[in-house]
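Report on the following structure.
Every heavy atom of this structure was used, including side-chain atoms; hydrogens, water molecules and symmetry mates were not.
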Amino acid sequence: MSETLALAKDLIARPSITPADEGCQRVIAERLAALGFDCETLVFEDTTNLWARRGTGKPVFCFAGHTDVVPPGDPNDWDTPPFEPTLKDGMLYGRGAADMKGSLAAMVVAVEQFLAKNPQPLPFDLAFLITSDEEGPFINGTKRVIETLEQRNEKITWCIVGEPSSTDRVADIIKNGRRGSLTGDLVVHGIQGHVAYPHMAQNPVHEAAIALHELASEQWDNGNSYFPPTTFQISNIHAGTGAGNVIPGRLDVQFNFRFSTELTAAQIKQRVSELLDRHKLNYQLTWKLNGPPFLTEPGTLVDAVQTAISQQCQQPATLSTAGGTSDGRFIAPTGAQVIELGPVNATIHKVNECVNVDDLDKLTAIYCHTLVALNQSLDQS
């Protein structure tokens with residue numbers, strides 16, 4: 001059994017459902033401390049975070065990830081118990097196998113292997129940022145750790161987030177950015193009344209229908225070479241009392257923008273408000289910015305990762321910004337180069353979540369050789 005597989009099994013066996021950590025970070029910290037890392041546990045409310053750093057200089061290379069997992073649902077729906085790591089037909093089964101305890105194990109072992117062969121002083125510091133609040137409300141996790149580091153003027157230069165980025169084979173995709181996510185909660189006020197007397201009421205559904213259609217039909221931008229066009233989607237809508245003879249007095253609509261670097265959240269908010277005002281709606285609108293878009297263009301980090309992937313997989317990865325959000329959205333605004341690279345994502349958040357055992361070792365090698373490539377490039381510069 002490889003070191004990566006053994007560590008992954010240990011982590012999966014701990015039922016660390018958000019925001020619980022169940023000792024996962026302690027296991028990781030003990031191994032990192034043995035390598036000369038200073039390990040700091042940062043607890044914010046119900047969330048446990050680990051900031052581990054080896055060195056006190058600049059620049060800083062960081063592995064980032066999370067020990068929390070989503071609930072497994074009914075264990076009876078699983079072929080094997082979700083928190084009993086099980087090997088079958090070359091696959092490791094268990095909640096968190098792909099998202100993302102397998103990545104965490106690969107990161108730790110990769111650093112162990114790298115330092116075993118490179119004991120001399122490095123031209124960069126090594127760090128780990130690990131949280132137990134990525135799958136949940138993401139309030140007291142990476143966001144709070146980054147705020148703490150910023151207050152101390154500690155900067156991350158390069159960061160690999162171990163999210164399961166791969167699609168068909170390990171390392172076929174590198175996420176070098178993510179779209180922003182902006183949620184709007186809209187309340188349109190009308191006047192409740194009897195459906196037989198519409199002249200004595202004001203139906204907010206009728207009032208808002210054309211405006212909502214225009215929002216859904218709007219071309220927000222054209223995207224760019226890295227991002228598709230910004231999208232608008234209504235996710236929840238509700239009106240009425242449940243009775244068939246009552247005109248509702250209120251309409252509640254929740255919608256979300258996934259937006260590119262062509263727009264800012266402020267620009268979107270302004271355009272939405274102008275459109276709603278044009279239709280003379282009586283409304284209230286509140287916003288939640290889940291994360292701004294970020295992009296890491298080809299450069300030091302992407303080049304080092306691509307070099308490692310080409311060595312281990314004999315072909316480079318495709319750069320992509322597709323998909324949802326990740327904790328990279330909290331790290332990138334500090335000026336760090338951030339990419340996501342992890343296992344195949346076919347079973348994440350599903351029953352019988354699993355990861356290919358060989359892929360864990362390949363991922364370990366990719367992480368390790370990324371550090372080697374980065375070390376070589378800095379030595380040559």
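- Using a 4.5 Å heavy-atom threshold, the side chains of Arg31 and Val109 count as touching.
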Show the atom names and distances, to 0.1 Å, of all donor-acceptor pairs under 3.5 Å that link a side chain in residues 73-81 to residues at least two apart or in another chain.
| from | atom 1 | to | atom 2 | distance (Å) |
| --- | --- | --- | --- | --- |
| Asp74 | OD1 | Asn76 | N | 2.9 |
| Asp74 | OD1 | Asn76 | ND2 | 3.3 |
| Trp78 | NE1 | Pro72 | O | 3.0 |
| Asp79 | OD2 | Asn352 | ND2 | 3.3 |

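- Judged by distance alone, with hydrogens and angles left aside, the side-chain atoms of Thr296 form no donor-acceptor pair with the main-chain N or O of Ile339 at under 3.5 Å.
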Test side-chain hydrogen bond (donor to acceptor under 3.5 Å, both in side chains) applied to Ser181 and Thr325, step by step: CA-CA 7 Å; Ser181 175; Thr325 60; 5.9 Å; no
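- Residues Leu281 and Leu186 form no side-chain contact, since every pair of their non-hydrogen atoms from C-beta on lies 4.5 Å or further apart.
- Hydrophobic clustering (ILVMFWY, side-chain heavy atoms < 4.5 Å, transitive): Ile348 and Ile12 are in distinct clusters.
- Cluster annotation: Val246 is not connected to Val195 through the hydrophobic network of ILVMFWY side chains, with a link wherever side-chain heavy atoms come within less than 4.5 Å.
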Test side-chain contact (heavy atoms from CB on, under 4.5 Å) applied to Leu126 and Leu115, step by step: CA-CA 10 Å; Leu126 288 168; Leu115 291 177; 3.9 Å; yes
Trace of the salt bridge (Lys or Arg N to Asp or Glu O under 4.0 Å) decision for Glu45 with Arg144: CA-CA 11 Å; Glu45 304 299 333; Arg144 292 285 297 273; 5.0 Å; no
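- Checking each of Val188, Asn236, Ile234 against Val253 for a side chain to side chain contact (heavy atoms under 4.5 Å, CB included) leaves exactly one that passes, namely Ile234.
- With rounding to the nearest 0.5 angstrom, the CG atom of Leu251 is 6.5 Å from the CG atom of Leu212.
- Of the inter-residue distances, the one linking Leu92 atom CG with Asp358 atom CG reads 12.0 Å to the nearest 0.5 angstrom.
- Hydrophobic cluster membership for Phe330: Phe138 (Ile, Leu, Val, Met, Phe, Trp, Tyr linked by side-chain heavy atoms under 4.5 Å, directly or transitively).
- Applying the 6.0 Å contact sphere to CD of Gln219 captures more than 12 heavy atoms from other residues, nucleotides or ligands.
- Nearest heavy-atom pair, Gly328 versus Pro333, reported as atom, atom and distance to 0.1 Å: O-CD, 4.3 Å.
- Listed here is the closest heavy atom pair of Ala105 and Ala8: CB-N, 3.6 Å.
- Sorted by first then second residue, the side chain to side chain donor-acceptor pair (under 3.5 Å) pairs that include residues 164-176, not counting sequence neighbours, are Arg169-Gln315.
- A pairwise comparison of heavy atoms in Val344 and Ala98 identifies O-CB, 3.9 Å as the closest pair.
- When atom types are taken as modelled, the side chain of Glu353 and the backbone of Gly96 share a donor-acceptor pair closer than 3.5 angstrom.
- Residues forming a side chain to side chain contact (heavy atoms under 4.5 Å, CB included) with Glu274 (at least two apart in sequence, or on another chain): Gln270.
- Heavy atoms only, all atoms of each residue included: Ile160 and Met107 are closest at O-CE, 3.8 Å.
- Counting heavy-atom neighbours within 6.0 Å of Gln233 CD, excluding the residue itself, gives a total of 12 or less.
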List the atom pairs, donor and acceptor, that lie under 3.5 Å between side-chain atoms in residues 55-68 and the rest of the protein, sequence neighbours left out.
| from | atom 1 | to | atom 2 | distance (Å) |
| --- | --- | --- | --- | --- |
| His66 | ND1 | Asp68 | O | 2.9 |
| His66 | ND1 | Asp68 | OD1 | 3.2 |
| His66 | NE2 | Asp99 | OD1 | 3.3 |
| His66 | NE2 | Glu134 | OE1 | 3.3 |
| His66 | NE2 | Glu163 | OE2 | 3.3 |
| Thr67 | OG1 | Asp21 | OD1 | 2.8 |
| Thr67 | OG1 | Gln25 | NE2 | 3.4 |
| Thr67 | OG1 | Thr131 | O | 3.3 |
| Asp68 | OD1 | Glu134 | N | 3.3 |
| Asp68 | OD2 | Thr18 | OG1 | 2.7 |
| Asp68 | OD2 | Glu134 | N | 3.0 |
| Asp68 | OD2 | Glu135 | N | 2.8 |

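- Other residues, nucleotides and ligands contribute at most 12 non-hydrogen atoms within 6.0 Å of the CD1 atom of Ile210.
- Centroid-to-centroid, the aromatic rings of Phe257 and Trp220 come within less than 6.0 Å.
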Test side-chain contact (heavy atoms from CB on, under 4.5 Å) applied to Leu371 and Asn375, step by step: CA-CA 6 Å; Leu371 297 176; Asn375 193 25; over 6 Å; no
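- Remark: side-chain polar atoms of Ser310 are not paired, donor with acceptor, to backbone N or O of Thr307 under 3.5 angstrom.
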Chi angles and distances behind the side-chain contact (heavy atoms from CB on, under 4.5 Å) call for Lys101, Ser16: CA-CA 10 Å; Lys101 293 180 175 181; Ser16 53; 2.7 Å; yes
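- With hydrophobic clusters built from ILVMFWY side chains whose heavy atoms lie under 4.5 angstrom apart, Ile174 shares a cluster with Val372.
- Between the side chain of Arg95 and the main chain of Lys350, a donor-acceptor pair closer than 3.5 Å is present.
- Across Gly240 and Pro248, no two heavy atoms sit closer than the pair N-CB, 3.4 Å.
- Going from atom CG of Leu35 over to atom CD of Glu112 covers 5.5 Å, rounded to the nearest 0.5 Å.
- You'll find the side chain of Ser103 stays beyond 4.5 Å of the side chain of Pro164, heavy atoms only.
- Counting heavy atoms from C-beta outward, Glu207 and Gln202 have side chains that approach closer than 4.5 Å.
- Note: Phe255 and Phe232 have tilted aromatic rings, judged against thresholds of 30 and 60 degrees for the angle between ring planes.
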Criterion side-chain contact (heavy atoms from CB on, under 4.5 Å) on Val302 and Gln337, from CA distance to verdict: CA-CA 9 Å; Val302 172; Gln337 297 178 33; 5.8 Å; no
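- With rounding to the nearest 0.5 angstrom, the CG atom of Asn290 is 7.0 Å from the CZ atom of Arg258.
- In this structure, Cys24 and Ile130 have side chains that are not in contact, with every pair of non-hydrogen atoms separated by 4.5 Å or more.
- A side-chain hydrogen bond (donor to acceptor under 3.5 Å, both in side chains) with Ser260 is found for exactly one of Thr231, Asn222, Asp221, Thr321, namely Asp221.
- The distance from the CD atom of Glu84 to the NZ atom of Lys9 is 11.0 Å, given to the nearest 0.5 Å.
- No single ILVMFWY cluster, assembled from side-chain heavy atoms under 4.5 Å apart, contains both Val69 and Leu104.
- Cluster membership check: Tyr283 does not share its hydrophobic cluster with Val187, using side-chain heavy-atom separations under 4.5 Å among Ile, Leu, Val, Met, Phe, Trp and Tyr.
- The two residues Ala110 and Tyr367 have their closest heavy-atom pair at CB-CB, 3.5 Å.
- Under a 4.5 Å side-chain heavy-atom criterion applied to ILVMFWY residues, the cluster that includes Val338 comprises Leu42, Phe44, Trp51, Leu129, Val145, Ile146, Leu149, Ile156, Val161, Phe294, Ile331 as well.
- Annotation: side chain of Thr47 is in contact with side chain of Pro19 (closest heavy-atom distance under 4.5 Å).
- A side-chain N or O of Gln284 and one of His189 form a donor-acceptor pair less than 3.5 Å apart.
- Within the model, atoms CG of Asn49 and OG1 of Thr41 stand 9.0 Å from one another, a figure rounded to the nearest 0.5 Å.
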